[in-house]
Amino acid sequence: MKLRFVRRSTAGVRAVPLAVGAVPPKPELAVVAGFTGRRGQVSEVVTRKRRLLLLGMGEAPHGNADWEAAGAVAVARLQTLEHIAIDARERTVDAAVALAAGACLRGWRFDRLRTRPDPDRARLAAIDVLTDDPVAATAAWAAVHAAVRGALFARDLVAEPGNILTPQGFAARLARLETAGVSVEILDAAQLQREGLRALLAVGGASVNPPCLAVLRWRGTIDAPPVAFVGKGITFDTGGVSIKPAAGMWQMHGDMAGAAACAGAMLALALRRSPAPAVAVLALAENMLGASSYRPGDVLRTYEGTTVEITDTDAEGRLALADALAWTAANLRPQAMVDLATLTGAVIVALGGVMAGLFAKDAALDGVLAAHVAAAGAAVGEPVWRLPIGDSMPDALLSDIADVRQCSLAPQVPDAMHAAAFLRRFVGDTPWVHLDIAGAEIREEATDRHALGPTGFGVRLLDRLMAQRFEDPHR
Ligand code: BES
Ligand code: MN
Ligand code: ZN
């Protein structure tokens, strides 16, 4: 999709955001259409020269979220056209840019695997954002566009099916990051063996597509330890020997959304030349079942050294992450770690898929990091909600024959907190936040506001976190 900031446009259709009481372009037509400017209202009027889509903005004033929403609605309603304009004249540069971001995010679609046009006939190819100051808007757009492109990159990865986006397929896609200036290193299964990431190897052990660890580095210009993003990258989760029910299993090709978000965030940082050093470590594996599967009752020795008694091979994410987190802490010595993972169905039950669950240690620095992560998420429309890990958790994970048990046997249904408690054992003293993004990574239906399918959740949050917390060299 091509998007430009311009003073004039030849597009025959124009979306015009209007607050209550504002005078629309053709007042008499707006009255006939019943348009009042009520928040979320959409009315169409046709003049002799063009078609106008009037977007109700409510009482004003508006934050970026409202402008993004308006941009999204414009695209949702007009996506069967090739060329549209969105009117941001007499608006601030920030508002124009937010309209553009909302439009681009809502306009995303994944058509690469179609051989004929999609049934919605979506063909929007060019958007003109009308503004009084195209130069300033274009300049301000650069940084926001970087984050948007990162999010769309992540969505593309999550959309790709498991037979195409294998661990190796995922690694191949990371070439896009190298073009942008991110260094990409892939530790293959033989290297994982040598390094001792046996938990990750066990999770991926039953697949013909072997697991690997992708290490992405953005150097930045500030001389400080990097911030690390650690992602769960299960490119397909059958559950393994503890196999999942057939219904809905197909969706588990998206079980690499955490890793995709980390990769997308790295792309965003590189595209806007962030001064802050960052690394991303992606644990890529297929959780399959076969003759070489790991099994319930097995005991694995993790990279960090702790032995784990397996109780459910479908709790594979915490194993892959345990090795990735411990490896990252030991080898990259980051000043902070944030992991993103579609870790538990329970967090969907708790937060309804509209927020991610945030978990952190009780230490002071971890609390500060948690607050910054939550603030960043709120600012970009990727909300998170802090959940407790709890003190009873270490005991619940004691095993009769190994150092720890993979899952607690105590709760009736699997929960998100024991998963977080398990991860906590592997991060040492490094300040750490865990985001359980299950449910937030995908939308089951399209709305005016949101596109159907992968959301790219976490990309803009991480990008904002870096901007507000780690880019001031004097902090
Ligand atoms: N990838 C799933 C969690 C998930 C479920 C993500 C639905 C997105 C949508 C994870 O690997 C899993 O299977 N979790 C189990 C853990 C249980 C076996 C302890 C769960 O949450 O049921
Ligand atoms: Mn699973
Ligand atoms: Zn999983």
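In this text, all values refer to a predicted model and were calculated from it rather than measured experimentally.
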Is any side-chain heavy atom of Leu213 closer than 4.5 Å to a side-chain heavy atom of Leu284?
-> no

Heavy-atom distance under 4.5 Å between the side chains of Thr447 and His450, does that happen here?
-> yes

Could you tell me which residues satisfy ring-ring contact (aromatic ring centres under 6.0 Å, His included) with Phe236, sequence neighbours excluded, listed by chain and number?
-> none

Do we see a donor-acceptor contact under 3.5 Å between the side chains of Asp128 and His83?
-> yes

Sub-4.5 Å side-chain heavy-atom contact between Leu358 and Leu387 | no

Give a yes or no on whether a salt bridge exists between Asp463 and Arg460, defined as a side-chain N under 4.0 angstrom from a carboxylate O.
-> no

Asp156 and Trp108: side chain donor to acceptor below 3.5 Å = yes

Got a salt bridge between Glu68 and Arg106, using NZ or NE/NH1/NH2 to carboxylate O under 4.0 Å?
-> no

Note: Arg39-Glu59 ion pair, threshold 4.0 Å (strictly below) | no

Side-chain ion pair, Arg91 and Asp132, N-O less than 4.0 Å | no

Minimum heavy-atom distance Thr342-Lys232, with the two atoms named | O-NZ, 2.9 Å

Side-chain donor-acceptor pair present, Thr166, Asn209, cut-off under 3.5 Å | no

May I ask you to say whether Glu44 pairs ionically with Arg77, meaning some side-chain N is under 4.0 Å from a carboxylate O?
-> no

Is the count of non-hydrogen atoms from other residues, nucleotides or ligands lying under 6.0 Å from Arg8 atom CZ greater than 12?
-> no

Main-chain N/O of Thr455 paired with Glu441 side-chain donor or acceptor, under 3.5 Å | no

Donor-acceptor under 3.5 Å (Arg14 side chain, Ile86 main chain) = no

Test side-chain contact (heavy atoms from CB on, under 4.5 Å), reference Leu435, set Val384, Asp339, Leu343, Val347, output is Val384

Does the side chain of Arg4 come within less than 4.5 Å of Val129's, by heavy atoms?
-> no

